[in-house]
Chemist: 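Please see the structure below; I have some questions.
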Amino acid sequence: MKYKFIRRAGVSLLLLSSLLSLSLPAGADGVDINNAPAIDGADVSTAPEAENPSLPPAEETPSAGENEADPPVKEPLVLNNASDWAVQNLQEADMLNLLPDILRSADMKEDITRREMCYLATTAYERITGNEPIPIRTDYFTDTDDSLICAAYEIGIVGGYTDGTFLPEKLLTRQEFFQILANFNRQMDKPANLNKDYLKSFSDHDTVDDWAEPATQEMVALGVVNGTGGKLRPLDASSRQESIVMFLRNYKEANRYLKTEWLTAEQLAEMNKAAMEQATTSEAGQLVQMALSYVKKNTPYVFGATGPNAFDCSGFTSYLYRQAGHPINRTAQQQTKNGVEIKTRDENGKVTFEYLRPGDLLFFASTYSSSDRITHVGIYMGNNQMVHAANSTRGVTVDSLLSGYYYNHFDSARRVLE
């Protein structure tokens with residue numbers, strides 16, 4: 001039974017994050033991505049929401065079923081054959097809306113499949129980022145076109161096999177599961193922070209494959225996995241209830257990190273300084289400084305909003321440029337007609353940001369289903385960073401352009417301030 005996702009801000013959001021280049025054996029999850037089909041360009045983790053060009057935002061009335069406050073439609077939680085030790089954790093996962101329909105009535109003592117893992121991972125990803133997992137393509141594998149498997153692949157959580165298959169019904173080993181959890185954390189930009197050997201206390205630590213050791217170390221360090229009887233059992237299959245409980249623990253750690261450490265005051269100060277140092281004109285420096293002030297204020301994203309207390313993506317850019325005395329068009333698509341185009345591709349067609357200056361407009365294509373090709377816009381602030389109104393989960397924030405979602409969806413740049 002397919003998981004039913006909420007529609008956010010009246011549109012569906014695409015997502016695409018970094019594909020991790022891991023040196024793993026074929027079939028290990030996280031996994032042989034170097035040999036997987038290419039995904040247009042390269043490889044953050046958080047996708048922008050739609051913009052609403054109409055004013056004022058208070059007049060926007062989402063259609064039925066598209067209100068962000070509407071609860072998700074989900075199947076009842078059955079707890080079929082769940083062990084006593086797992087019941088409370090499974091109920092907590094249900095309360096946090098982490099359980100996809102495919103697992104809500106499944107036998108919890110049976111082992112989890114690769115397909116089920118993808119459904120669990122994309123559900124958690126949507127829950128933590130606010131972005132609906134809709135893949136750009138569904139033709140990566142020869143044996144499945146399941147949209148959530150392809151979304152998990154695009155996000156960088158799972159990979160396929162060198163023969164082009166995914167094997168969705170294949171069971172996962174525990175060490176493969178640990179690697180998937182580590183992949184999930186990388187998409188949250190959460191560092192591993194390993195400062196000692198966390199495996200030596202387990203009697204079977206030498207059975208962990210080399211490719212899985214960093215991920216296993218990370219999961220033990222986080223308390224996601226505690227072992228049984230002094231053993232990790234890395235080559236055993238992982239039951240559904242074990243997998244859900246471990247994913248719950250990891251999700252809570254990732255969510256805690258995002259809420260408490262995503263952008264510190266020191267990081268903001270460093271970004272501000274770097275942007276100001278790279279500003280080629282006082283106007284550009286003032287524009288970036290003004291943009292960062294809204295990050296410090298934790299300014300929210302609101303569909304259709306044009307400031308100053310809330311913005312959507314192009315509402316943010318148009319407001320800043322208007323305040324700087326250079327009015328530009330309202331929507332992201334329309335703003336591609338402002339200023340002059342800046343070179344952002346090298347002779348091989350690869351994206352490059354070396355010609356950008358602080359204050360340049362950055363455009364992103366197909367970040368959600370729309371008649372407009374350009375669906376998101378931000379402002380370059382120097383140091384390969386942009387400031388933008390991202391989505392209702394993160395509001396006005398700063399992101400890197402060098403990897404992940406925004407790199408893959410990057411389209412072009414234009415300069416308004418000369």
Side-chain angles (χ1 to χ4, degrees), residues 1 3 29-30 72 74-128 157-158 169-185 188 190 192 194 198-209 212-213 215-257:
M1 186 172 298
Y3 180 71
D29 246 320
K74 59 185 182 182
E75 298 295 317
L77 179 63
V78 176
L79 292 179
N80 180 15
N81 201 26
S83 299
D84 292 342
W85 63 265
V87 169
Q88 184 174 347
N89 286 287
L90 295 173
Q91 290 172 336
E92 182 179 4
D94 179 50
M95 179 185 69
L96 293 174
N97 292 320
L98 294 179
L99 295 182
D101 283 353
I102 197 172
L103 291 174
R104 297 184 64 77
S105 59
D107 187 326
M108 287 296 163
K109 290 182 180 176
E110 292 295 317
D111 296 327
I112 196 167
T113 67
R114 286 165 58 81
R115 181 194 305 275
E116 292 168 341
M117 183 63 228
C118 289
Y119 278 52
L120 179 60
T122 52
T123 301
Y125 193 92
E126 182 189 26
R127 189 77 179 90
I128 206 170
I157 296 175
V158 298
E169 306 313 318
K170 186 176 183 290
L171 302 181
L172 283 170
T173 65
R174 285 167 57 86
Q175 66 179 6
E176 287 175 329
F177 187 81
F178 300 157
Q179 184 62 63
I180 288 173
L181 293 175
N183 293 351
F184 183 90
N185 288 346
M188 302 298 108
K190 186 180 187 303
L194 300 176
Y198 293 91
L199 303 186
K200 61 183 180 181
S201 62
F202 296 94
S203 61
D204 59 348
H205 65 89
D206 57 347
T207 64
V208 178
D209 287 333
E213 182 175 344
T216 307
Q217 293 269 10
E218 180 180 352
M219 293 306 111
V220 173
L222 290 173
V224 171
V225 57
N226 301 314
T228 304
K231 294 185 177 182
L232 286 167
R233 300 182 292 115
L235 304 181
D236 289 358
S238 181
S239 70
R240 288 166 176 152
Q241 60 187 5
E242 285 179 318
S243 301
I244 293 169
V245 170
M246 286 189 287
F247 216 115
L248 171 66
R249 293 170 182 166
N250 193 65
Y251 169 87
K252 290 162 72 173
E253 287 294 324
N255 197 40
R256 184 180 299 113
Y257 170 77

Chemist: Output the distance between atom CD1 (Ile180) and atom CE (Met246), rounded to the nearest 0.5 Å.
Modeler: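 Nearest 0.5 Å value for the CD1-CE distance: 10.5 Å.
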Chemist: Side-chain contact, heavy-atom cut-off 4.5 Å: Leu79 with Gln91?
Modeler: yes
Chemist: Taking Arg240 for the side chain and Leu103 for the main chain, is one N or O donor matched with an acceptor at less than 3.5 Å?
Modeler: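 No; zero donor-acceptor contacts below 3.5 Å.
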Chemist: Please find the pair of heavy atoms, one from Leu96 and one from Arg127, that lie closest to each other, and give the distance.
Modeler: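 Closest pair (atom of Leu96, atom of Arg127, distance): O-NE, 2.6 Å.
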Chemist: Using the side-chain contact (heavy atoms from CB on, under 4.5 Å) rule, take Leu235 and Gln175 through it: C-alpha gap first, then chi angles, then the decisive distance, then the call.
Modeler: CA-CA 6 Å; Leu235 304 181; Gln175 66 179 6; 3.4 Å; yes
Chemist: Considering non-hydrogen atoms only, spot the tightest contact between Ser243 and Leu120 and give its length.
Modeler: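 Closest approach of Ser243 to Leu120, heavy atoms only: O-CD2, 4.2 Å.
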Chemist: From Arg115 CZ over to Leu172 CG, what is the distance, rounded to the nearest 0.5 angstrom?
Modeler: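 Here the rounded value is 12.5 Å.
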Chemist: Provide the closest heavy-atom pair for Leu171 versus Thr113 in the form atom of the first, atom of the second, distance.
Modeler: CD2-CG2, 4.0 Å
Chemist: Drop me the distance from Thr207's OG1 to Lys231's NZ, to the nearest 0.5 angstrom.
Modeler: 9.0 Å
Chemist: Quick check for you: to the nearest 0.5 Å, what is the distance between Asp111 atom CG and Ser238 atom OG?
Modeler: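 Answer for the CG-OG pair, Asp111 versus Ser238, is 7.5 Å.
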Chemist: What pair of heavy atoms forms the shortest contact from Val220 to Tyr198, and how long is it?
Modeler: CG1-O, 3.5 Å
Chemist: Evaluate the side-chain contact (heavy atoms from CB on, under 4.5 Å) criterion for residues His205 and Thr216: first the C-alpha distance (whole Å), next the side-chain angles of each, then the deciding distance (0.1 Å), finally the verdict.
Modeler: CA-CA 10 Å; His205 65 89; Thr216 307; over 6 Å; no
Chemist: Any side-chain heavy atom of Pro234 sitting closer than 4.5 Å to one from Asp204?
Modeler: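 Heavy-atom side-chain distance check passes, below 4.5 Å.
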Chemist: Taking all atoms of both residues into account, what is the closest heavy-atom pair of Ala237 and Glu242, and its distance?
Modeler: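 Nearest heavy atoms, Ala237 then Glu242: O-OE1, 4.2 Å.
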Chemist: Which heavy-atom pair separates Ala124 from Leu98 by the least distance, and what is that distance?
Modeler: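 Answer, listing the atom of Ala124 first, then Leu98: CA-CD2, 4.0 Å.
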Chemist: Decide if atom NZ of Lys109 counts as having more than 12 heavy atoms of other residues, nucleotides or ligands within a radius under 6.0 Å.
Modeler: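 Buried by this count: over 12 neighbours within 6.0 Å.
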Chemist: Any side-chain heavy-atom pair from Leu77 and Arg104 closer than 4.5 angstrom?
Modeler: yes
Chemist: Would you compute the distance between atom CG of Leu222 and atom CG of Asn250 and round it to the nearest 0.5 angstrom?
Modeler: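 CG of Asn250 is found 6.5 Å from CG of Leu222.
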Chemist: Take Leu248 and Glu92, measure what side-chain contact (heavy atoms from CB on, under 4.5 Å) needs, and give me the verdict at the end.
Modeler: CA-CA 8 Å; Leu248 171 66; Glu92 182 179 4; 3.7 Å; yes
Chemist: side-chain contact (heavy atoms from CB on, under 4.5 Å) for Phe177 and Met219? Distances and angles first, verdict last.
Modeler: CA-CA 10 Å; Phe177 187 81; Met219 293 306 111; over 6 Å; no
Chemist: Any side-chain heavy-atom pair from Ile128 and Phe184 closer than 4.5 angstrom?
Modeler: yes
Chemist: Roughly how far, to the nearest 0.5 Å, is the CH2 atom of Trp85 from the CD atom of Gln241?
Modeler: 4.5 Å
Chemist: Find out whether Asn226 and Arg249 are in side-chain contact, i.e. whether some heavy atom of one side chain is under 4.5 Å from a heavy atom of the other.
Modeler: yes
